[in-house]
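No experiment lies behind these values; they were computed from the predicted model shown.
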There are 2 protein chains.
Amino acid sequence: MPRKHSSRSGTEERRSSILTAALQCFNEHGLENTTVQDIQLVAKCSTGSLYHHFGSKEGIAVSLFVETFKNMNEGVLTELERCNDAQTGVQVVVTQICEWVSENTSSARFLLQSRDIQFSPDMHLQLGQEYGDIMRGYFQWFTPFVEDGSMKSLPLDTYVPLIIGPAQEYSRRWLAKQVARSPASLTRIFSDAAWSAVRGDV
Amino acid sequence: MPRKHSSRSGTEERRSSILTAALQCFNEHGLENTTVQDIQLVAKCSTGSLYHHFGSKEGIAVSLFVETFKNMNEGVLTELERCNDAQTGVQVVVTQICEWVSENTSSARFLLQSRDIQFSPDMHLQLGQEYGDIMRGYFQWFTPFVEDGSMKSLPLDTYVPLIIGPAQEYSRRWLAKQVARSPASLTRIFSDAAWSAVRGDV
DNA sequence: AGTTTTACTAGAATAAGATTCTAGTTTAAG
DNA sequence: CTTAAACTAGAATCTTATTCTAGTAAAACT
């Protein structure tokens, strides 16, 4: 695994070409059934190169996970910060998620179905860091509205599941091809549900 | 894989001892990092025996998944059938799930984190069968209440995510030790949210 | 009871695939 | 122009899933 930022040109391309290849393979054959050779073949890179960059097959999955996760959440947070009332905020979060899933099916499939990647201790740390930052972002936005009563006061850990739970669960099913209509087309339903789950009792 | 019911005594014990051992191993090391040898060791059985019963490591996971899934849903359905109004029904489903997860952490962890088992075609068929039966059970119970207006009329595929989404998403986090309070202790919050997501507009 | 059939167990042999290792090559920095 | 570090290659190895051959034992049949 490379410690510092790559100093060499073309190296970032190699790295991301491996990630792209991996995403494609994971989507075609599943994480489990993808061999590193499959990835090498698609990315046109050698064993050495692949292991230099990621250390292991799991390392590839972890990097992909982290980058995808950050990517999605940064998009959502950006939109959220444009809002200035609780209801709009909640609904925008749900809408953004539904749209992102519908437009980035490969990434979404990987992200939502890969709960059980085995994170090694330091990977776990890295992820925990990112995760904490992102959550802080959300909570900072919402806290004022809990305080002024426009949102219910609930245990902190329950907000995220209440708001994104239904959309996420539906998305999982859609990505697994168990249901047909895209999450984006049901945005309204899921964002209404989210709001009624956390709105203050007026 | 055995086609018929086992005719021989002690065979069912061997079979279920393998499943139990597998569940334990999966929980300790993760699906990925569990070797069949690990399972053999815990179950005290030979390679031949294990492969006779399940055909592959994946086969073990699939059997475990199917049995656990049926198990949980039968419990929920039984309770549901005792109810005779929509609100109670919805809330009982959520409550049952929260309690089952809190009381059967090993099984729940396996069930909720193993979205991405690669089902081979015939396994997929078997699962699809079970799954369809169970869903039919739920829908039969709910349909009348949609018709009489006590529940919203929505696309069929959205009911399940709306009702169990938040509880399930929270449960995932709890099982991954990302949050501390047990789902059972938050039943009220999740079942209220479920009901407000699907209640008819009175 | 004796024979046959079939479920089941065993563990060695094999095969597939992940990871490591050795030997470079290329680039940036001094 | 030299050196150190990033990077690439691909053969060798090591781990692990799966297959194969050879049985044992219980039920079914006569």
Side-chain angles (χ1 to χ4, degrees), chain A residues 1-22 25-26 28-64 114 116-123, chain B residues 1-22 25-26 28-64 114 116-123:
Chain A
M1 280 151 274
R3 309 255 128 221
K4 311 274 169 190
H5 256 265
S6 60
S7 42
R8 212 151 151 182
S9 88
T11 216
E12 194 51 44
E13 284 70 26
R14 179 48 44 102
R15 193 187 133 88
S16 79
S17 83
I18 294 174
L19 287 180
T20 306
C25 291
F26 292 159
E28 275 169 31
H29 322 116
L31 185 69
E32 189 72 3
N33 298 338
T34 298
T35 72
V36 299
Q37 227 183 47
D38 292 338
I39 301 173
Q40 285 176 220
L41 229 58
V42 175
K44 292 197 240 311
C45 80
S46 72
T47 311
S49 181
L50 191 148
Y51 275 86
H52 170 71
H53 284 296
F54 299 100
S56 69
K57 179 177 151 182
E58 191 212 332
I60 300 177
V62 172
S63 295
L64 198 54
S114 304
D116 63 345
I117 296 172
Q118 295 293 326
F119 296 104
S120 52
D122 60 330
M123 285 303 180
Chain B
M1 281 148 273
R3 310 254 126 222
K4 312 272 168 191
H5 256 262
S6 60
S7 42
R8 211 152 152 183
S9 86
T11 216
E12 194 52 42
E13 284 70 28
R14 178 50 43 102
R15 193 187 133 87
S16 78
S17 82
I18 294 174
L19 287 179
T20 307
C25 292
F26 292 160
E28 274 169 31
H29 321 116
L31 185 70
E32 188 72 3
N33 298 339
T34 298
T35 73
V36 300
Q37 225 184 50
D38 292 338
I39 300 173
Q40 285 176 216
L41 230 58
V42 175
K44 290 197 241 309
C45 80
S46 72
T47 311
S49 182
L50 190 148
Y51 275 86
H52 171 72
H53 285 295
F54 299 100
S56 69
K57 179 178 152 183
E58 191 212 335
I60 299 177
V62 172
S63 295
L64 198 54
S114 305
D116 64 343
I117 296 172
Q118 296 293 325
F119 296 106
S120 51
D122 60 329
M123 285 303 181

Nearest 0.5 Å, what's the [atom1]-[atom2] distance between [X] and [Y]?
| X | Y | atom1 | atom2 | value |
| --- | --- | --- | --- | --- |
| B:Phe26 | B:Glu32 | CZ | CD | 10.5 Å |
| B:Glu28 | B:Asp38 | CD | CG | 9.0 Å |
| A:Leu50 | A:Gln37 | CG | CD | 11.5 Å |

Whole angstrom is fine here: how far is it from [atom1] in [X] over to [atom2] in [N]?
| X | N | atom1 | atom2 | answer |
| --- | --- | --- | --- | --- |
| A:His29 | C:dG17 | NE2 | P | 12 Å |
| A:Ile39 | D:dT8 | CD1 | C1' | 17 Å |
| A:Leu50 | C:dG17 | CG | C1' | 13 Å |
| B:Ile18 | C:dA10 | CD1 | C1' | 13 Å |
| A:Arg14 | C:dT25 | CZ | P | 17 Å |
| A:Ile60 | C:dG17 | CD1 | C1' | 14 Å |
| B:Phe54 | C:dT9 | CZ | P | 11 Å |
| B:Glu13 | C:dC8 | CD | P | 11 Å |

Ignoring backbone atoms, test whether [X] places a side-chain nitrogen or oxygen under 4.0 Å from the OP1 or OP2 oxygen of [N].
| X | N | answer |
| --- | --- | --- |
| A:Ser46 | D:dT8 | no |
| A:His52 | D:dC7 | yes |
| B:Ser49 | C:dT9 | yes |
| B:His53 | C:dA7 | no |

>> If you compare all heavy atoms of A:Val42 against all heavy atoms of A:Ala21, which two are closest, and at what distance to 0.1 Å?
In response: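 Nearest pair, atom of A:Val42 first, then A:Ala21: CG1-CB, 3.6 Å.
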> When you look at A:Leu19 and A:Ile60, which way does the side chain to side chain contact (heavy atoms under 4.5 Å, CB included) test go after all the steps?
Replying inline: CA-CA 7 Å; A:Leu19 287 180; A:Ile60 300 177; 4.0 Å; yes
>> For A:Thr47 and A:Gln40: C-alpha separation, side-chain torsions, deciding distance, then whether side-chain hydrogen bond (donor to acceptor under 3.5 Å, both in side chains) applies.
In response: CA-CA 7 Å; A:Thr47 311; A:Gln40 285 176 220; 3.3 Å; yes
>> Using the rule given for side chain to side chain contact (heavy atoms under 4.5 Å, CB included), can you reason through A:Arg15 versus A:Ser63, listing the C-alpha separation, both sets of side-chain angles and the distance that settles it, and then say yes or no?
In response: CA-CA 10 Å; A:Arg15 193 187 133 88; A:Ser63 295; 4.3 Å; yes
Nucleotides 18-20 of chain C: which of its N/O atoms have a protein N/O under 3.5 Å away?
from	atom 1	to	atom 2	distance (Å)
C:dA18	OP1	A:Lys57	NZ	3.4
C:dA18	OP2	A:Val36	N	2.8
C:dT19	OP2	A:Tyr51	OH	3.0
C:dT19	OP2	A:Lys57	N	3.0

